[in-house]
There are 2 protein chains.
Amino acid sequence: MSCYRTDAEALRAAGYRLTPQRLLVLEALYHHPGHATVDEIWARVREQHPYVDLSTVYRSLQFLKEHGLVGEFRPAHGPAQYEAIRRRPHAHAVCRECGTTIEVPVAWLTELVERLADGHRFQAEVDHLSIPGLCERCAAKVH
Amino acid sequence: MSCYRTDAEALRAAGYRLTPQRLLVLEALYHHPGHATVDEIWARVREQHPYVDLSTVYRSLQFLKEHGLVGEFRPAHGPAQYEAIRRRPHAHAVCRECGTTIEVPVAWLTELVERLADGHRFQAEVDHLSIPGLCERCAAKVH
DNA sequence: CTAAGTGCAAAGTATTTGCAGCCAA
DNA sequence: TTGGCTGCAAATACTTTGCACTTAG
């Protein structure tokens, strides 16, 4: 229930259309605690507007992703996962065993970002970064 | 033509079967300069052994991935990409527009890794990390 | 020998697209 | 008013699976 409408309005100001469908998709993402799959988002959207098509959800997510309101994560198996990008940009550390996600401030990545820019003229988008690894719990289990 | 056979032999020693198909898939990956898609690998494999099935390539890649000989990257669009895991671990910066990949030494990530370990007891596996962004070329096009 | 691996065919899952009609700006 | 967006239906792209046969060890 946060201020995603503010971000959304910025899109309208930039000349894009703010359709109910797009707002519903955004709302669904803010409603979900962590990441959500397309099907989960679709289900939530249809609670309020039953005739929204799955393809529209895909297209809205693509749109929102391209405009920086939504982040995408593609796991090795299963469908892509999406999340609303909140005010402060951040990366994620994701446990490869249990999927637990830790929020990582971008400040921890500045060294990397600068080196990529200086050395390769590569503009890293670290707020979309997902760092694989093992959380404390699973690390204990595995070894 | 590097020493992938050494790694492969280790699998046999561990009790797994080293079939010609699996060796061909590994060879194809070592032959490719950067990342390769399943289709590219399949094509290369069939140059030498025309009756290897696509599903076998998928299964071999899965097997090799699970045993740490092959890395997998799933881009937002298009098929998964694979690469042989060479001696020195490294991360990748991947252009979200054209898929161009830059090799990133893990040394550039030590700050991040240490902070995750200290602050969250999270064991980051940075040799599987893929950093999204825009390469020099695409950054020029987009803006 | 024999369980693990393969080829083949078919199905399954995830995602994209063409097009006619609709509606936000 | 009109070009961007949507719903619908269908196609496509990618990956997995069941089963009978083969083969590495």
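A, B, ... follow the sequence lines: proteins, then strands. Residue 1 opens every chain.
Of the N and O atoms on the side chains of B:H31 and B:R44, at least one donor lies less than 3.5 Å from an acceptor on the other residue. If you check the side chains of A:S55 and A:D53, you find a donor sitting under 3.5 Å from an acceptor. Counting only N and O atoms by type, the side chains of A:Q62 and B:H77 include a donor and acceptor under 3.5 Å apart.
Not less than 6.0 angstrom separates the ring centroid of A:Y82 from the ring centroid of A:F73.
The C1' atoms of five pairs define one axis at each end of the helix from C:dC1-D:dG25 to C:dA25-D:dT1, and these two axes lie 50° apart (to 10°).
If you measure from atom CD of B:Q21 to atom P of D:dA24, you get 8 Å, rounded to the nearest angstrom. As rounded to whole Å, 15 Å separates atom C1' of C:dT6 from atom CG of B:L64. A straight line from CD of A:E66 to P of C:dT16 spans 11 Å, rounded to a whole angstrom. Whole-Å rounding puts the A:D53 CG to C:dA14 P distance at 16 Å. Atom CG in A:D39 sits about 14 Å away from atom C1' in C:dG12, given to the nearest Å. Whole-Å rounding puts the A:L61 CG to D:dT6 P distance at 11 Å. One atom, CG of B:L24, and another, P of C:dT6, lie 11 Å apart when rounded to the nearest Å. Taking atom CD of residue B:E40 and atom C1' of nucleotide D:dC14, one finds them 14 Å apart after rounding to whole Å.
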Distances under 3.5 Å only, N/O to N/O: pair up the protein atoms with those of nucleotides 20-25 of chain C.
residue: C:dA25; atom: OP1; partner: A:R12; partner atom: NH1; Å: 2.8
residue: C:dA25; atom: OP1; partner: A:L18; partner atom: N; Å: 3.3
residue: C:dA25; atom: OP2; partner: A:R12; partner atom: NH1; Å: 2.6

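Under a 3.5 Å cut-off, the side chain of B:S60 and the backbone N or O of B:T56 do form a donor-acceptor pair. For B:W42 (side chain) and B:V25 (main-chain N/O), no donor-acceptor pair under 3.5 Å exists by modelled atom type.
Not one side-chain nitrogen or oxygen of A:H77 sits closer than 4.0 Å to the OP1 or OP2 atom of C:dT13. Contact between the side-chain N/O atoms of B:Y58 and the OP1/OP2 oxygens of D:dT15 is found at a separation under 4.0 Å. OP1 or OP2 of C:dT15 sits under 4.0 Å from a side-chain N or O of A:R74. Residue B:Q62 has no polar side-chain atom (N or O) positioned under 4.0 Å from OP1 or OP2 of D:dT15.
No hydrogens or angles were tested; on distance alone, nothing pairs the side chain of A:R59 with the base of D:dG4 as donor and acceptor under 3.5 Å.
Side-chain atoms of A:P79 lie closest to C:dA14 of the nucleotides C:dA14, D:dT15, C:dG7. Here C:dG5 is the nucleotide among C:dG5, D:dG7, C:dG7 with the atom lying nearest to any side-chain atom of B:F63.
When each of A:S60 and A:A76 is assigned the nucleotide of DNA chain D bearing its nearest heavy atom, the one mapping closer to the 5' terminus is A:S60. Two residues, A:S55 and B:V57, neighbour DNA chain C, and the one matched to the more 5' nucleotide by heavy-atom proximity is B:V57.
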Do B:H92 and B:E83 pass the side-chain contact (heavy atoms from CB on, under 4.5 Å) test, and can you show the C-alpha distance, the side-chain angles, and the key distance before you say yes or no? CA-CA 11 Å; B:H92 288 120; B:E83 64 158 3; 2.9 Å; yes
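Across all strands shown, B:G15 has no heavy atoms under 4.0 Å from either base or sugar-phosphate atoms.
In this structure, A:I131 and B:L112 have side chains that are in contact, with non-hydrogen atoms separated by less than 4.5 Å.
A:R115 and A:E111 are joined by a salt bridge, as a carboxylate oxygen and a charged side-chain nitrogen come within less than 4.0 angstrom of each other.
Both cation-pi conditions hold for A:R22 and A:F63: the charged atom is under 6.0 angstrom from the six-membered ring centre and inside a 45 degree cone around its axis.
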